[in-house]
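Quick note on labels: first sequence line is chain A, next is B, and so on, each numbered from 1.
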Protein chains: 2
Amino acid sequence: MPHIPLDSDLPGITGLFAYRPETARPLIELAEVLLRGPSSLTPGERELIATRVSHLNGCRFCTGAHAAFAAAQLPQGMDLVDRVRAEPAEAPVSDKLKALLAIADAVQRGGREVGEEEVAAARAAGASDAEIHDAVLIAAAFCMYNRYVDGLGTLVPEDPTAYTAMAVRIAADGYVGPVPPPRVRS
Amino acid sequence: MPHIPLDSDLPGITGLFAYRPETARPLIELAEVLLRGPSSLTPGERELIATRVSHLNGCRFCTGAHAAFAAAQLPQGMDLVDRVRAEPAEAPVSDKLKALLAIADAVQRGGREVGEEEVAAARAAGASDAEIHDAVLIAAAFCMYNRYVDGLGTLVPEDPTAYTAMAVRIAADGYVGPVPPPRVRS
């Protein structure tokens, strides 16, 4: 039961976007730029970082949603997403992505947890300054989105196909798409 | 020393805004709407929430900056800010603001830390749904800004007048002001 009155057909952050459009606008734009804007990291790789951080923060809605968004945009699908979510250092991804995921893990614990060591490891694995910047900001942003979604006690769909339906839309149209968020019955 | 090359005249988040204007835009717009947009909470009250969360996250730049922004917009100035930052439950602020600060403290620990109890206490003290929403989102957003600033190892001004100079600009023009961020020598 949400802590404030939200449209019960709109789960997770979508109900909050409808409740407060003034804050929804920059929150959606940030997700679009970070997760789908021009970058040397693919949208699927960036969604893996979002999924891992949401998992560490224990946010069921964001983990389910971004896992589906990652799976829809990666040839290896949900098998890979599940492995990255649970144990990124052992997952079959590039050394560069592993190092960026390690930075994201540090950011999730706290900004000052990111040391020279994690950054040097990412650089040695081929990460650019822009990729290190974006990994930090994606992880930091999900420390916000996760707290926003759970801090207001929003609805979590129990039916996993709800996330798949959202993934189809996000993969096609992005976060700032022409189609309104899907209405999901709880 | 920042983890990526940033303009050494631009401390904290201002160097990151210059480095990546595409993400700066929604990040600045979010701060403007949340901290200065139309609200039944004053800008000073909202800056107190930002200051308290930044303090709990151990982010020296954001704590110094938002403490100065709060002090510039509250008749009781820095004395009150210092008391709220250290011990909000004992500070001479309204019961409503105390309850919203308690919600912010819970959000800082994690989204699922906000329970029915904290929300009921805020409501009993007169907080509206919109105020509860905004307290949660301000706290969540500073869990992002703080991690972004510290996760990239940005410059922290040692001279406290650097924050006062920023506060004059923010109080006059807002976060999306016509004047570029001040250049502060480290």
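- Residue Val107(A) touches chain B through both its backbone and its side chain, counting heavy-atom pairs closer than 4.5 Å.
- In this structure, chain A has no heavy atom under 4.5 Å from any part of Ala139(B).
- Here His133(B) pairs with Tyr19(A), Tyr148(A) under the ring-ring contact (aromatic ring centres under 6.0 Å, His included) rule; sequence neighbours left out.
- For residues 83-94 of chain B, the set of pairs meeting the side-chain hydrogen bond (donor to acceptor under 3.5 Å, both in side chains) definition, not counting sequence neighbours, comprises Asp82(B)-Arg85(B).
- In this structure, the ring of Tyr163(A) has its center no less than 6.0 angstrom from the ring center of His66(A).
- Heavy-atom distances place both the backbone and the side chain of Glu116(A) under 4.5 Å from chain B.
- Interface residue Val136(B): only side-chain heavy atoms are found under 4.5 Å from chain A.
- Heavy atoms of Ile103(B) lying under 4.5 Å from chain A are absent altogether.
- Heavy atoms closer than 4.5 Å to chain A are found nowhere in Arg60(B), neither backbone nor side chain.
- Both the backbone and the side chain of Ala130(A) come within less than 4.5 Å of a heavy atom in chain B.
- For Val119(B), the part lying under 4.5 angstrom from a heavy atom of chain A is the side chain only.
- Comparing Gln108(B), Arg20(B), Arg25(B), Glu118(B) by how many heavy-atom pairs each has under 4.5 Å with chain A, the most go to Arg20(B).
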